[in-house]
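On a predicted model such as this, the values are computed, not experimentally measured, just so you know. Every number for a ligand or one of its atoms is a count from 1 in the order of the listing.
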Amino acid sequence: AGPCDIYSSGGTPCVAAHSTTRALYNAFTGSLYQIKRGSDNTTTNVAPLSAGGVANAGTQDKFCSGTTCLITIIYDQSGKGNHLTQAPPGGFKGPELNGYDNLASAIGAPVTLNGQKAYGVFISPGTGYRNNVGSGIARKDASEGMYAVFDGTHFNDGCCFDYGNAETNNLDTGNGHMEAIYYGTNSFWGSGAGSGPWIMADLENGLFSGYNVKNNAADPTINYRFVTATLKGQANNWAIRGANAASATSLSTYYTGQRPNASGYNPMSKEGAVLLGIGGDNSISGQGTFYEGVMTSGFPSDATENAVQANIAAAKYATTPLSTGSALTAGSSISLRATTPGYTTSSLTHAGASVSIAAVSSTSSSAAKLAASWTVRAGLADSACYSFEARDAPGSYLRHNAFVLYVNANDGSKLFHEDATFCTMAGLDGQGSSLRSYNYPTRFVRHYETVGYLGSNGGVHAFDAATSFNDDVSFVVGGAFA
Ligand code: AHR
Ligand code: AHR
């Protein structure tokens, strides 16, 4: 059985079931998600390998070979039609055309389930999905439950990486108008024990970790690589539970009891839209990774949720390398030569903080040779990826800021580490390697008018131009010039 079969047996059927990694019903054979590729902007659907099975990652890998892909639709497997698509603007605008949010890269969150490759949904700040019709989703004070499986190592303190019930108009319509799982370290409203990340409830104008408005020490920091988070609510009662999604341990209850000690949350005023990766008013500062999740009609029992957790554990989520293509050797020094016709004698270099490509050769000055040489380090944010330390400025690394590349001193912050981490893959133009941003995997190290950027394939900035994209993001890795 799948998670939604278990919820059905418990009398609390799924009314939304989203996963890019697997079918959530034993009999489900339909499409799990839709992807769009950069080369020709066409789309295709990814279905399970077999009824109830793991996503057919091969469909994606083939369709996206030699180009970029975005996740355009996360289908609702429940039959209610609650598909998640690119979120529209609301109280906050997204970064895309007309204020829409970004779509997720199709390759930002590779995993295996029982040894079979699949891809999760890697949400960078600015990325969000929504369905404002929300057929069958709880309204007002009606009972509901939900769970999601997240990456417990991918989070931030922005508002708000959520999955669940929200407003139908993308605006903050008041306390109690949301009931969504929040995951991260935002402590502006609420917090739990330790420094987070915590599973909290986004009930609108507040992230709640229990009865108290601010801190509830019973809500622990939970940062397993794969985290199961559950939230459920019924008349003046709700609960937060969590577990290691990759281990056959049952869910622990972090809160169960009456609605928070604040006005506007009892009774609730749920509206019944569904969102992923954003706050109710389209706050877009959160980040996290979603693998699967559902929403139910009715308040699931603890026993039903425990059976779902056992099902998730049996799916055996495991990691798979974020870097593919030829490996780099930590500690070695390299050069990165451009492959765009007309620029093939240019290499990635820097002058102070500014990054560009420029012609460098064995006859260049020793300063020019050093400036175009980089020491490979294990990724500051993820050791499956890499960071590039400037040969002439020890302690300074290639990083992005507002999607422009710089060489800056490592300030030790989580954000710097993420901005300075890149995962490798075979060069998109068939030559060398492409360096994909760890925290914005839709974006790659790119030269545009010879300046260094973090470009996406056909985004809103001039440096996102689709023309010449594959060439501009492909670099031949060679020995260091100095
Ligand atoms: O409740 C926290 C956040 O507050 C909501 O997600 C958002 O709508 C509002 O800004
Ligand atoms: O480059 C994109 C973002 O811009 C970086 O993550 C951050 O440092 C800056 O806000």
Side-chain angles (χ1 to χ4, degrees), residues 16 84 86-95 99-102 121 123-132 134 137-141 144 146 148 150 155-192 196-216 219 229 231-233 238-240 254-255 259-290 293 295:
L84 292 170
Q86 188 169 19
F92 294 89
K93 279 188 177 149
Y100 274 70
D101 294 354
N102 291 138
V121 186
I123 301 280
S124 305
T127 303
Y129 293 83
R130 197 162 187 134
N131 182 308
N132 278 338
I137 307 291
R139 313 244 157 158
K140 302 289 185 190
D141 209 29
E144 68 178 345
M146 60 194 81
F150 300 132
F155 55 82
N156 71 4
D157 62 2
C159 172
C160 289
F161 176 72
D162 288 348
Y163 173 71
N165 193 331
E167 291 93 342
T168 54
N169 65 357
N170 320 309
L171 300 174
D172 177 348
T173 52
N175 296 1
H177 285 247
M178 296 180 67
E179 187 165 64
I181 303 170
Y182 166 82
Y183 184 69
T185 52
N186 185 299
S187 58
F188 179 76
W189 291 280
S191 60
W198 305 286
I199 303 167
M200 296 194 277
D202 190 342
L203 304 181
E204 189 52 278
N205 299 310
L207 303 177
F208 295 93
S209 53
Y211 180 69
N212 301 323
V213 169
K214 286 287 185 181
N215 185 264
N216 292 280
D219 193 29
L231 175 66
K232 52 186 168 180
W238 65 292
I240 303 174
Y254 301 150
Y255 179 72
R259 289 289 181 185
N261 187 19
S263 67
Y265 301 101
N266 181 34
M268 293 287 284
S269 309
K270 295 175 228 185
E271 295 193 21
V274 184
L275 52 63
L276 171 61
I278 45 179
D281 57 4
N282 197 45
S283 293
I284 50 164
S285 301
Q287 70 179 25
T289 296
F290 173 92
M295 300 172 68

Checklist entry - Can we call the ring centroids of Y163 and Y183 under 6.0 Å apart? => result no
Checklist entry - Can you name the side chain to side chain contact (heavy atoms under 4.5 Å, CB included) partners of T127, sequence neighbours left out? => result N102, A104, I123, S124, Y129
Item to check | Part of D202 within contact of ligand 1 (heavy atoms, under 4.0 Å) | outcome: side chain
Checklist entry - Backbone or side chain, does any N or O of D172 fall under 3.5 Å from an N or O of ligand 1? => result no
Checklist outcome for this item: Note: ligand 1 atoms sitting under 4.0 Å from heavy atoms of C159 are 3 (C)
Item to check | Proximal atoms of ligand 1 relative to N205 (non-hydrogen, under 4.0 Å) | outcome: 1 (O), 2 (C), 4 (O)
Checklist entry - What atoms of ligand 1 come within less than 4.0 Å of a heavy atom belonging to W189? => result 2 (C), 3 (C), 4 (O)
Checklist entry - Hey, what's the ring geometry for W238 with F208, parallel, tilted or perpendicular (30° and 60° as the breaks)? => result perpendicular
Item to check | Min N/O separation G206 to ligand 1 under 3.5 Å | outcome: yes
Next on the checklist: For G176 versus Y265, what's the shortest heavy-atom pair and its separation?
Outcome noted: N-CE2, 3.2 Å
Checklist outcome for this item: among protein heavy atoms, the one nearest atom 4 (O) of ligand 1 is E204 OE1, 3.2 Å
Checklist entry - Judged by modelled atom types alone, do E144 and N165 share a side-chain donor-acceptor pair under 3.5 Å? => result yes
Checklist entry - Are M178 and ligand 1 in contact, using a heavy-atom cut-off of under 4.0 Å? => result yes
Checklist entry - Going by the order shown, which atoms of ligand 1 are within less than 4.0 Å of some heavy atom of G279? => result 6 (O)
Checklist entry - Does ligand 1 have a heavy atom under 4.0 Å from the side chain of A166, from its backbone, from both, or from neither? => result neither
Checklist entry - Taking only heavy atoms of G280, which atoms of ligand 1 are found under 4.0 Å from at least one of them? => result 5 (C), 6 (O), 7 (C), 8 (O)
Item to check | Residues R259 and E179 bridged, charged N to O under 4.0 Å | outcome: yes
Item to check | Nearest non-hydrogen partners of L84 and N131, listed with the distance | outcome: CD2-N, 3.9 Å
Checklist entry - Strictly under 4.0 Å, does any heavy atom of Y182 approach an atom of ligand 1? => result no
Checklist entry - Any luck finding a side-chain donor-acceptor pair between N186 and D157 under 3.5 Å? => result no
Checklist entry - Which pair of heavy atoms, one from L275 and one from A166, lies closest together, and at what distance? => result CD2-CB, 3.3 Å
Checklist outcome for this item: The protein heavy atom nearest to atom 10 (O) of ligand 1 is D281 OD2, 2.7 Å
Checklist entry - Against heavy atoms of S283, which atoms of ligand 1 measure under 4.0 Å? => result 10 (O)
